[in-house]
Peer 1: 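Right, I'll just put the structure down here and ask away after.
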Protein chains: 2
Amino acid sequence: MPEQTTGPRPTLEAVAARAGVSRATASRVVNGGAGVRAPLVEKVLRAVEELGYVPNHAARTLVTRRNGAVAVIIAEPEFRIFSDPFFEQQVRGISRELTAHDAQLVLLWVEGPGDHERIARYLGGGHVDGALAFSLHSDDALPTVIERARIPMVFGGRPAPGTDPTVPFVDCDNRGGAREAVRHLVGLGRRNIAHISGPADQTSAIDRIHGYRDVLLDADPALLGRGDFTEESGARAMAELLDRRPDVDGVFVANDLMASGALRTLRERGVRVPEDVAVVGFDDMASVVERTVPALTTVHQDIEGMGRLMVKLLMRLLDGTGAEIPASVITPTSLIRRASA
Amino acid sequence: MPEQTTGPRPTLEAVAARAGVSRATASRVVNGGAGVRAPLVEKVLRAVEELGYVPNHAARTLVTRRNGAVAVIIAEPEFRIFSDPFFEQQVRGISRELTAHDAQLVLLWVEGPGDHERIARYLGGGHVDGALAFSLHSDDALPTVIERARIPMVFGGRPAPGTDPTVPFVDCDNRGGAREAVRHLVGLGRRNIAHISGPADQTSAIDRIHGYRDVLLDADPALLGRGDFTEESGARAMAELLDRRPDVDGVFVANDLMASGALRTLRERGVRVPEDVAVVGFDDMASVVERTVPALTTVHQDIEGMGRLMVKLLMRLLDGTGAEIPASVITPTSLIRRASA
DNA sequence: CCACTCTCTGAGAGCGCTCCCAGGGAGTGG
DNA sequence: CCACTCCCTGGGAGCGCTCTCAGAGAGTGG
């Protein structure tokens, strides 16, 4: 039990004195004890325990130039990005992996261009060892701002073209997943397969369109609907699709939320799923997938795992000599078959 | 424009040399420039600019014993606490206020009792100046763990009895808001007013029940339904209520999510709102309130403001001599009348 | 038993900053 | 014009830690 001494916190000096060793030896023990003989290690450890010693982080950082903290930059050009379950899972993965590496998560919430300078200063100020950011709309200036801080970083999601290509990213195989989804519909014998895509300025949406086109090389443009990843937009896009091409018998929707909206429209119009129209989503978001009627067939991606991977890449970047840049990672997706297709 | 010098970051020493002043003077300027004559301030500022100087945080912390970071402790005994819009708003308020105080937000994500020791070590290690935590179920051991770290902190939500009473908290006037809601129903001429409450181990739910009872001193116990703050539980509680007391003509529901569920049940049973049964919620959560049919009359609370207040209290705690403990704050609520009551 | 190697330990020099304190310069009254 | 006060400024110590480097001690071979 640590002594409940009031007053200033004990220093390494105090530990060393109590253990009867030098500060250097005490330091070695505290940092793993390599190269110190067992009896001394024992003594120092006991002193640490008795004094309730906790290393002073600032002092350590001052000399090691490492502070064991990583910034997670959350930009909020739109509403709801934080309450987004997708986002939550990713941050959770990051948090867990960071904990495993004994690193802290510093949250940088960007509310608008006015915050950019503040963020850049913070990043450049050496408060954190590295940064994690998420790919945004292609017209966002934030990536550039971050890059200028010249601090190790990793993106979540493939960044828009034009972003510094030396920054590694973690993304799921959007294109491959989309292909698998569409192939599944084809395998079901569907002939008029539509796609409801996400915003054109997001790489994930673009990649999914590409996957759709990879399989359906010359699909009728009328079979291409567009949404913005919200449920409402999915419902609307589905309605328009039905108007344009009443003979549609399969839809690959770029995310589960929009798929849920599409399902609603279908139900409202009396179209049977999957009998008349088979529907496949993307994301395998538990909160959505479990509630749709019928249960949604969708493309699964390991979101938490992607968060963890971002941290792993960053750690490699941090540990490395600086010369080698870890390659970006594309994580696999898998089709989860449920009732809707 | 800062010079794009590669290599180590410039130190205060370098700035001082360039400005032709001593390190002490440069330091004074960087920290506000009080007591330094204008021309020198000017010179130092220019040197800072030219060198692209950014203060070394660790060095500063080492001597000032202040590190400009505040921990936000997020416990996740249940699912979804992070994707909860309530929570999001509160964290946003915290983030904004922290930014205003030039302080950083360090996110501590607690996933279970296994993390407690880690959290305690971190908090005790002087990595942060203070901590912000949210009141949890009464049987949670976390508050105790945090308290042992003996670090300035503020709770969000009135903590359960038994928690250290010297820790200030910020909560909305749950009881008063509930009273207002029920009085509104009374004013509408409703005679059989029910209440659907939240989990019995959460102070907010308890306070709201008290508010209900304050107005309806001898309400029939059969008019008291119980949920767990989820939409589903609200729907179920409403159904049971309808079965027990078909003559119910008003319901005060302890949160909007449950109210939304209750509204659904009412609609399914063909009960008209507000004609047959008037419904009042609590929270005024935009995402829920805007979607219900009819639009939900509810008790508004300034969630973001509460987050900001938490930070303000903490800052006062930090700045104070340590003797005076700022009082907890109860923020006002207000009834927002919409169509449901 | 001595010389040499190898392992372990401790002294000391900073890391970059703040802040105390002493000293210098300007300003003012006699 | 001198003495005294007041405001600025700079020197220097030290925050708590890590890490280099040299030296002490143990072990080994000749």
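Residue numbers begin at 1 in each chain, while the letters A, B, ... track the order of the sequences.
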Peer 1: Would you name the heavy atoms of A/Val311 and A/His101 that are closest together and state the gap between them?
Peer 2: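 Smallest heavy-atom distance, with atoms named: CG1-CD2, 4.2 Å.
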Peer 1: So which heavy atom on B/Phe169 is nearest to which on B/Gly157, and how close?
Peer 2: CB-O, 3.7 Å
Peer 1: How many Å lie between CZ on A/Arg66 and C1' on D/dC19, as a whole number?
Peer 2: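 Spelled out: CZ on A/Arg66 to C1' on D/dC19 is 16 Å.
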Peer 1: Which nucleotide, C/dG16, C/dC17, C/dT9, lies nearest any side-chain atom of B/Leu12?
Peer 2: C/dC17
Peer 1: Would you be so kind as to tabulate the donor-acceptor pairs closer than 3.5 Å made by side chains of residues 34-47 of chain A, with sequence neighbours excluded?
Peer 2:
none

Peer 1: Does B/Asp129 use its side chain to pair, donor to acceptor, with the backbone of B/Gly68 at less than 3.5 Å?
Peer 2: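 Yes, because the side chain of B/Asp129 sits within donor-acceptor range (under 3.5 Å) of the backbone of B/Gly68.
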Peer 1: Please state how far atom CZ in B/Arg65 lies from atom C1' in C/dG16, giving the value in whole angstrom units.
Peer 2: 15 Å
Peer 1: Nucleotides 19-23 of chain C: which of its N/O atoms have a protein N/O under 3.5 Å away?
Peer 2:
none

Peer 1: If each of B/His57 and A/Leu40 is mapped to the nucleotide of DNA chain C with the nearest heavy atom, which maps nearer the 5' terminus, i.e. the 5' end?
Peer 2: A/Leu40
Peer 1: Does the distance from a Lys or Arg side-chain N to an Asp or Glu carboxylate O, for A/Arg92 and A/Glu304, drop under 4.0 Å?
Peer 2: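 Salt bridge: no.
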Peer 1: Could you state the atom-to-atom distance from CG of A/Asn67 to C1' of D/dC17 in whole Å?
Peer 2: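 One finds 15 Å between C1' of D/dC17 and CG of A/Asn67, rounded.
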Peer 1: In this structure, how many angstroms lie between the C1' atom of C/dT18 and the CG atom of A/Leu62, rounded?
Peer 2: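 About 12 Å, once rounded to whole Å.
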Peer 1: Could you go over nucleotides 23-27 of chain D and give all protein N or O partners under 3.5 Å, atom names and distances?
Peer 2:
none

Peer 1: Which part of the nucleic acid does A/Val36 contact within heavy-atom distance under 4.0 Å: base, sugar-phosphate only, or nothing?
Peer 2: sugar-phosphate
Peer 1: Tell me the bend of the helix from C/dC1-D/dG30 to C/dG30-D/dC1 as the angle between end helix axes, each from five pairs, rounded to the nearest 10 degrees.
Peer 2: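 Between the first-five-pair axis and the last-five-pair axis there is 50°.
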Peer 1: Within this structure, what is the CG-to-P distance between A/Asn56 and D/dG14, rounded to whole angstrom?
Peer 2: 18 Å
Peer 1: Which nucleotide sits closest to the side chain of A/Ser22: C/dT18, D/dT18, C/dG10?
Peer 2: C/dG10
Peer 1: Please, which pairs that meet salt bridge (charged side-chain N to carboxylate O under 4.0 Å, His left out) have at least one residue in residues 51-63 of chain B, sequence neighbours excluded?
Peer 2: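 Not a single pair qualifies under salt bridge (charged side-chain N to carboxylate O under 4.0 Å, His left out).
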Peer 1: Between P on C/dG16 and CZ on A/Arg60, what's the gap in Å once rounded to a whole number?
Peer 2: 18 Å
Peer 1: Between B/Arg158 and B/Asp171, which heavy-atom pair has the shortest distance, and what is it?
Peer 2: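 Result for this residue pair: N-OD2, 2.9 Å.
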Peer 1: If you look only at pairs with a residue in residues 35-58 of chain B, which of them pass as a ring pair (Phe, Tyr, Trp, His ring centres under 6.0 Å), with sequence neighbours excluded?
Peer 2: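 For residues 35-58 of chain B, and leaving out neighbouring residues, the ring pair (Phe, Tyr, Trp, His ring centres under 6.0 Å) pairs sorted by first residue read A/His127-B/His57.
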